[in-house]
Amino acid sequence: MPTLTGPAVRPVAPAAWTVRTADARHVAAYRRLRSEVFVTEQGLFSGHDLDRVDEDPRTEVLVAVDRDDRVLGGVRIAPAPEALDATGRDIGWWTGSRLVVARAARGAGGIGAALVRAACTRAVEVGALRFEATVQQPNRVLFERLGWHAWGTCDVEGVPHVRMRWPVTRVADLIGSTKAALAGLVGPLLGDAGTLLPAATLGGTGFVGDDGAPVPGTDLVAACDAILPALLERDPEWAGWCAVLVNVNDLTAMGAAPVGLLDAVGAPTVSAAHRVLNGLRSAAQAWGVPVLGGHTQIGVPSTLSVTALGRTAHPVPGGGGRPGDTLTLTADLGGRWRRGFEGRQWDSTSARSAAELRHLATTVATARPRAAKDVSMAGVVGTTAMLAEASGAGAVLDVAAVPTPDAATTGDWLTCFPGFAMLTADAPGASRMADAAGDLATSAACGDLTTEPGVRLRWPDGVTTDAAGAAATGLGPADGTG
């Protein structure tokens, strides 16, 4: 979440007003204030300034109120009408509008700036990935001081306005916290190939940064994932299940058939270990993958790591895409948010039958795309950034085309762990992922690989916004040309 700050100011006495979410009485007072300012004082509108945004039940109003709960100013945020017209749903494009401060309160210590900051905070909370406002030209300086950027101009009722955009950094922050350190941490291993070690490292040329690692000289693919301690402590059975899930997904993305698992479990008590292993055992049975062995230790902090082995003679690389290729997301939209992890973990697997789970695990092997990655904790956009980086390309994602569950906001969906979701790249029109998945997942073309580095989000009005830089991991192209 971005830090919302304005210009540096000297400490002052506590304000005699606060910003809060409006209730029905506040909304009525806010609308009266808008009429006083925009209709009577400025003459910007004739009769009233009400519009369709006021009628949208998703619209939220924030108000500044004094100690007697009188409304001194307000602002509203809502899904952009243009997005609703184009798609019929909230796709994470929100706008702030009708920012107003009562004439008598305009010297009361920054009410307007406080309302703008509060609007930015709330927009990110509701899942916005694009947040904009159209402001009168004299207010441009205020917005720029608060970190907004001008990107266009227009007239509203004949009055010049500036189009402003708040830089939502949710995707970049997620990539930075989960993937950006990889090059510095594991990159030195790349230099060991042919020197200290006879075989390639980190997967070797063509497979750097992949979900699994081909074992040189064999048809084996190995994958390994550790589970966050917080997940182990809060939901041990689910942690055990996820340890199998993420490893099977890694093998699936490589087009490999799973043949076995190795687990390393640490737990403070026998009971805690038992709960983790129960979840792991249930998942191993569901996917039909035997646990070949591992290590268990009691009396230590909670830890869990699982290694998976799979087989394929022709692994699918994560960096096999080319500029001009079409990106396809194939995702199981069934299920729900995992309780306690709303907005972060989508559970599409625990209610699936074993036959359904095993079928989904064959999708990439059946479709044989040029490039594939399973959507990890970096989310759809972060995974796109990694596939593009490994392919020596950039990417554009069409936000409205990304398959998304009805119960998830676009912002949450594009930045969560989605259970089962595969991102693939193929020549335009060549993807076979929809046929491979059948009715168990939704598959749609939702973007392209480009020659311009980084990842951009493309919106229904044709505007693109920056989402991620060129170096998601810093490991560079898988072919070693970077």
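Nothing here was measured: the structure is a model prediction, and the numbers come from that model. Worth knowing before you read on, the calculation uses all heavy atoms, side chains too, and leaves out hydrogens, waters and symmetry mates.
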Full working for side chain to side chain contact (heavy atoms under 4.5 Å, CB included) between Val141 and Arg145: CA-CA 6 Å; Val141 173; Arg145 285 176 177 171; 3.6 Å; yes
Derivation of the side chain to side chain contact (heavy atoms under 4.5 Å, CB included) call for Leu228 and Glu233: CA-CA 9 Å; Leu228 294 175; Glu233 293 167 1; over 6 Å; no
Evaluation steps, side chain to side chain contact (heavy atoms under 4.5 Å, CB included), between Asn249 and Met422: CA-CA 8 Å; Asn249 281 351; Met422 295 289 152; 4.1 Å; yes
Trp148 vs Phe143, ring pair (Phe, Tyr, Trp, His ring centres under 6.0 Å): CA-CA, chis, key distance, verdict: CA-CA 5 Å; Trp148 291 60; Phe143 277 75; 5.0 Å; yes
Working for side chain to side chain contact (heavy atoms under 4.5 Å, CB included), residues Met386 and Ser376: CA-CA 10 Å; Met386 290 188 288; Ser376 66; 3.8 Å; yes
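Between the Asp90 side chain and the Gly92 main chain, a donor and an acceptor come within less than 3.5 Å of each other. One N or O on the side chain of Trp346 and one on the backbone of Gly334 form a donor-acceptor pair closer than 3.5 Å. Checked by atom type and distance alone, the side chain of Ser35 never pairs as donor or acceptor with a backbone atom of Arg32 at under 3.5 Å. Judged by distance alone, with hydrogens and angles left aside, the side-chain atoms of Asp210 form no donor-acceptor pair with the main-chain N or O of Ala213 at under 3.5 Å. Judged by distance alone, the side chain of Thr40 and the main-chain N or O of Val37 form no donor-acceptor pair under 3.5 Å. No donor-acceptor pair closer than 3.5 Å links the side chain of Asp398 to the backbone N or O of Ala401. His161 places a side-chain N or O within 3.5 Å of a backbone atom of Val159 that can act as its donor or acceptor partner. Here the side chain of Ser391 pairs no donor or acceptor atom with the backbone of Ala393 at under 3.5 angstrom. In terms of modelled atom types and a separation under 3.5 Å, the side chain of Ser443 and the main chain of Thr330 share no donor-acceptor contact.
For the 3.5 Å distance criterion, the side chains of Arg170 and Thr415 qualify, holding a donor opposite an acceptor. Donor-acceptor pairing under 3.5 Å is recorded for the side chains of Asp412 and Thr409. Between the side chains of Trp459 and Thr465, a donor-acceptor pair is found at a separation under 3.5 Å. For the residue pair Trp241/Thr349, the side-chain donor-acceptor check at 3.5 Å is satisfied.
Applying the ring-ring contact (aromatic ring centres under 6.0 Å, His included) test to Phe341 and every residue at least two apart in sequence or in another chain returns nothing. Every residue was checked against the ring-ring contact (aromatic ring centres under 6.0 Å, His included) condition with Phe420, not counting sequence neighbours, and none meets it. With sequence neighbours excluded, the residues satisfying side chain to side chain donor-acceptor pair (under 3.5 Å) with Ser350 are Asp347. With sequence neighbours excluded, the residues that form a side-chain contact (heavy atoms from CB on, under 4.5 Å) with Thr404 are Arg89, Val402, Trp413. When the salt bridge (Lys or Arg N to Asp or Glu O under 4.0 Å) test is applied to Arg368, no partner is found at least two apart in sequence or on another chain. Asp54 meets the side-chain contact (heavy atoms from CB on, under 4.5 Å) test with Arg31, Arg34, Leu50, Asp51, Arg76; sequence neighbours excluded. Checked against side-chain contact (heavy atoms from CB on, under 4.5 Å), Ala388 has the following partners two or more places apart in sequence or in another chain: Ala395, Leu449. In this structure, the side-chain contact (heavy atoms from CB on, under 4.5 Å) partners of Asp155, at least two apart in sequence or on a different chain, are Pro160.
Salt-bridge check for Asp426 with Arg370: failed, with every basic side-chain N at 4.0 Å or more from each acidic carboxylate O. Asp332 has a carboxylate O that lies under 4.0 Å from a charged side-chain N of Arg352, or vice versa, which qualifies the two as a salt bridge. Using a 4.0 Å cut-off between charged side-chain N and carboxylate O, Arg130 and Asp461 make a salt bridge. Comment: Asp235 engages Arg338 in a salt bridge, judged by a side-chain N to carboxylate O separation of less than 4.0 angstrom. A salt bridge is absent between Arg163 and Glu132: the closest approach of a Lys/Arg side-chain nitrogen to an acidic carboxylate oxygen does not fall below 4.0 angstrom. Residues Asp49 and Arg98 are paired through a salt bridge, judged by an N-O separation under 4.0 Å between the basic side chain and the carboxylate.
Heavy atoms only, all atoms of each residue included: Val455 and Ala385 are closest at CG2-CA, 3.5 Å. Nearest heavy-atom pair, Val375 versus Thr383, reported as atom, atom and distance to 0.1 Å: CA-OG1, 3.5 Å. Looking at every heavy atom in both residues, Val71 comes nearest to Ala29 through CG2-CB, 3.8 Å. For the pair Ala361 and Val248, the tightest heavy-atom approach, listed with the atom from each and the gap, is CB-CG1, 4.1 Å. Nearest heavy atoms, Pro453 versus Ala470: CB-CB, 3.5 Å.
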Pairs of donor and acceptor atoms involving the side chains of residues 106-113, under 3.5 Å and at least two apart or interchain, shall be tabulated with distances.
residue : atom : partner : partner atom : Å
Arg106  : NE   : Val101  : O            : 3.0
Arg106  : NH1  : Glu41   : OE2          : 2.9
Arg106  : NH2  : Glu41   : OE1          : 3.0
Arg106  : NH2  : Glu41   : OE2          : 3.4
Arg106  : NH2  : Val101  : O            : 3.2

Check residues 430-438 and write down every donor-acceptor pair under 3.5 Å in which the side-chain atom is one partner and the other belongs to a residue at least two apart or another chain.
residue : atom : partner : partner atom : Å
Ser431  : OG   : Met433  : N            : 3.3
Arg432  : NH1  : Thr366  : O            : 2.8

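Every pair passing salt bridge (charged side-chain N to carboxylate O under 4.0 Å, His left out) that includes a residue from residues 77-86 is listed here, sequence neighbours excluded: Arg52-Asp85. Applying the salt bridge (charged side-chain N to carboxylate O under 4.0 Å, His left out) definition to pairs two or more places apart or across chains, none involves residues 384-394.
Residue-environment remark: CG (Asp439) stays at or below the threshold of 12 foreign heavy atoms within 6.0 Å. When the shell of 6.0 Å around CZ of Arg103 is examined, it contains 12 or fewer heavy atoms from other residues, nucleotides or ligands. Atom CZ of Arg322 is surrounded by 12 or fewer heavy atoms from other residues, nucleotides or ligands within 6.0 Å.
Side-chain contact between Leu329 and Val380 is present, with heavy atoms from C-beta onward closer than 4.5 Å. Residues Leu84 and Asp56 have side chains in contact (heavy-atom distance under 4.5 Å, counting atoms from C-beta outward).
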